[in-house]
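Inspection log for the structure reproduced underneath, given as structure tokens.
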Amino acid sequence: MLPIHHMIDQAPEPVAPFSHAVEIDGWIFVTGQMPTAPDAPDAPLPDGVEAQTERVMENLKLVLAGLGLGLENVTFMRVYLTEFKRDYQAMNETYKKFFDKGKLPGRTCVGVSGLAVDALVEIDLVARRP
């Protein structure tokens with residue numbers, strides 16, 4: 001079985017050469033999303049990690065919706081922060097609002113030296129079809 005490469009019309013334009021998601025055997029691997037606006041890829045990024053986290057999560061929801069899925073299908077997420085010590089708590093407060101209590105996916109969060117488009121946060125995920 002070969003993987004299926006998905007590009008979602010409603011999702012933000014990729015900032016590099018990649019598919020929005022790749023699917024194989026019911027598993028969906030969603031490429032890290034940036035805090036870019038789906039309808040204005042060159043617009044300035046939202047100010048602050050809270051606003052950027054919210055935009056990233058909304059972009060992930062757009063990709064998942066384009067595949068007929070939602071955040072309830074997510075099994076694991078990875079969060080990348082450029083200012084880990086400063087932004088970790090604020091990112092977490094915004095992030096957890098997107099999930100029902102007790103229904104959080106597995107997750108790793110790491111500090112990095114830089115992200116595309118000078119973003120403060122990037123998040124990728126793995127989901128599974130029911």
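Comment: Arg129 engages Glu23 in a salt bridge, judged by a side-chain N to carboxylate O separation of less than 4.0 angstrom.
A chain of hydrophobic side-chain contacts below 4.5 Å, direct or via other Ile, Leu, Val, Met, Phe, Trp or Tyr residues, connects Val112 to Val15. Connection of Phe99 to Leu62 is not established within any shared hydrophobic cluster, with ILVMFWY side chains joined at heavy-atom distances below 4.5 Å, either directly or through further cluster members.
Heavy atoms of other residues, nucleotides or ligands lying less than 6.0 angstrom from CD of Glu13 number 12 at most.
Of the possible polar contacts, none joining the His20 side chain to the Leu64 backbone as a donor-acceptor pair under 3.5 Å is found. Between the side chain of Asp87 and the backbone N or O of Phe84 there is no donor-acceptor pair closer than 3.5 Å. Between the Thr31 side chain and the Ser19 main chain, a donor and an acceptor come within less than 3.5 Å of each other. With hydrogens and angles disregarded, a donor-acceptor distance shorter than 3.5 Å links the side chain of Asn92 to the backbone of Tyr88. With hydrogens and angles disregarded, no donor-acceptor distance shorter than 3.5 Å links the side chain of Gln33 to the backbone of Val56. Within the 3.5 Å criterion, the main-chain N or O of Ala37 finds no donor-acceptor partner in the side chain of Asn59.
We find the CG-NZ distance between Leu71 and Lys103 to be 13.5 Å, quoted to the nearest 0.5 Å. Taken from CZ in Phe18 to NE2 in His5, the straight-line distance is 13.0 Å, to the nearest 0.5 Å.
Under the 6.0 Å distance and 45° angle rule, Arg128 does not count as a cation-pi partner of Phe76.
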Given the rule in the side chain to side chain contact (heavy atoms under 4.5 Å, CB included) test, do Thr82 and Ser113 qualify, once you have shown the distances and angles that lead to the verdict? CA-CA 6 Å; Thr82 59; Ser113 63; over 6 Å; no

Any chance you could lay out the side chain to side chain contact (heavy atoms under 4.5 Å, CB included) test for Ile123 and Leu60, step after step, and finish with the verdict? CA-CA 8 Å; Ile123 303 174; Leu60 288 166; 3.7 Å; yes

Let me see the working for Glu58 and Lys61 under salt bridge (Lys or Arg N to Asp or Glu O under 4.0 Å), right down to the final yes or no. CA-CA 5 Å; Glu58 292 296 339; Lys61 286 172 53 179; 3.6 Å; yes

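Leu45 and Gln52 get closest at one heavy-atom pair: CB-NE2, 3.9 Å. Smallest separation of non-hydrogen atoms from Val63 and Ala11: CG2-CB, 3.7 Å. Listed here is the closest heavy atom pair of Pro41 and Thr36: O-CG2, 4.3 Å. For the residue pair Met77 and Pro105, the shortest heavy atom distance occurs at SD-CG, 3.7 Å. Summarising the geometry of Arg55 relative to Pro46, their closest heavy-atom pair is CB-CG, 4.1 Å, with the distance given to 0.1 Å.
If you run side chain to side chain contact (heavy atoms under 4.5 Å, CB included) between Val74 and each of Val126, Val30, Leu125, only Leu125 comes through.
Side-chain contact check for Val22 versus Ile4: every heavy-atom pair is 4.5 Å or farther apart. The side-chain heavy atoms of Met91 and Arg86, taken from C-beta on, include no pair separated by under 4.5 Å. Proximity of Leu67 to Ile28: side-chain heavy atoms (C-beta onward) are separated by under 4.5 Å at one or more points.
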